J.: 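The structure that follows is given in the form of structure tokens.
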Amino acid sequence: MARTPYDESAVQAALARLPGWTYDPQRPALQRLFVFADFSAAFGFMTRVALLAERMNHHPEWRNVYNRVDVVLTTHDAGGVTELDVEMALAMNTLAGTPAA
């Protein structure tokens with residue numbers, strides 16, 4: 001997958017397909033807070049994402065507190081948001097049961 005950083009218009013176009021995600025231009029990164037029914041559901045989600053991240057060789061920055069998983073996606077070696085981040089965000093939405101826009 002491409003590791004070329006998206007420009008602002010490409011990020012905005014990607015966000016149109018990513019319900020729940022926002023863009024932090026200071027990082028630059030995509031971010032989203034996922035909220036689940038309980039800790040077990042949140043941890044199950046993280047486990048499924050971890051397996052995907054290993055296959056993609058692209059790992060999220062995240063934090064878990066009980067039923068919440070706070071995620072940041074950026075491609076550090078590219079210096080911004082890339083296709084890898086968008087693909088990971090789409091997959092995370094699917095795994096969380098969030099339909100694509």
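Along the sequence shown, residues carry numbers from 1. From a predicted model like this one, the values you see are computed outputs, not experimental measurements. Side-chain atoms are counted along with the backbone in the values below, which use heavy atoms only and exclude waters and symmetry mates.
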J.: Could you measure the distance from the CG atom of Leu73 to the CE atom of Met88? Nearest 0.5 Å is fine.
T.: 6.5 Å
J.: Identify the two heavy atoms, one from Gln26 and one from Asp24, that lie closest to each other, and give their separation to 0.1 Å.
T.: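 Looking at all heavy atoms of both residues, the shortest contact is N-OD1, 2.9 Å.
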J.: Looking only at non-hydrogen atoms, find the nearest pair between Leu52 and Ala91 and report the distance.
T.: CD2-CB, 3.3 Å
J.: Is there a path of hydrophobic side-chain contacts, each under 4.5 Å between heavy atoms of I, L, V, M, F, W or Y residues, that connects Phe34 with Trp62?
T.: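 The answer is yes; both residues are in one hydrophobic cluster.
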J.: Quick check on the hydrophobic clustering: are Leu30 and Leu33 connected, directly or via other members, by side-chain heavy-atom contacts under 4.5 Å?
T.: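 As far as the 4.5 Å side-chain criterion goes, Leu33 and Leu30 are not connected within one cluster.
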J.: Quick check against the 3.5 Å criterion: does Asn67 have a side-chain atom that pairs as donor or acceptor with the backbone of Phe36?
T.: yes
J.: Starting from Leu95, can I reach Met56 by hopping between I/L/V/M/F/W/Y residues whose side chains sit under 4.5 Å apart?
T.: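 In one cluster with Met56: Leu95, yes.
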J.: For Pro5 and Ala78, work out which heavy atoms get closest and say how close.
T.: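 Answer, listing the atom of Pro5 first, then Ala78: CG-O, 3.3 Å.
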J.: Can you tell me which residue pairs pass the salt bridge (Lys or Arg N to Asp or Glu O under 4.0 Å) test with a partner in residues 60-70, sequence neighbours excluded?
T.: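 Pairs touching residues 60-70 that pass the test: Arg27-Glu61.
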J.: Check whether any side-chain heavy atom of Arg32 sits under 4.5 Å from a side-chain heavy atom of Thr98, and report yes or no.
T.: yes
J.: Where the side chain of Asn93 meets the backbone of Leu18, is there a donor-acceptor pair that is under 3.5 Å apart?
T.: no
J.: What heavy-atom pair brings Val81 and Thr74 nearest, and what distance separates the two atoms?
T.: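 Scanning both residues completely, I find the closest heavy atoms to be N-OG1, 4.2 Å.
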J.: Can you list, pair by pair, the side-chain donor-acceptor contacts under 3.5 Å of residues 39-49, counting residues two or more places apart and other chains?
T.:
from, atom 1, to, atom 2, distance (Å)
Thr47, OG1, Phe43, O, 2.9
Arg48, NH1, Gly44, O, 3.2

J.: Give the minimum heavy-atom separation between Ala14 and Val86, together with the two atoms involved.
T.: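 Taking every non-hydrogen atom into account, CB-CG2, 3.7 Å.
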J.: Roughly how far, to the nearest 0.5 Å, is CG of Asp85 from CZ of Arg3?
T.: 9.0 Å
J.: Verify, without hydrogens or angle tests, whether Asp77 (side chain) and Gly79 (backbone) share a donor-acceptor contact under 3.5 angstrom.
T.: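 Checking the backbone N and O of Gly79 against the side chain of Asp77, no donor-acceptor pair under 3.5 Å is found.
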J.: Identify the two heavy atoms, one from Tyr6 and one from Val11, that lie closest to each other, and give their separation to 0.1 Å.
T.: CB-CG2, 3.7 Å
J.: So do Leu90 and Thr94 actually touch side chain to side chain, heavy atoms under 4.5 Å?
T.: no
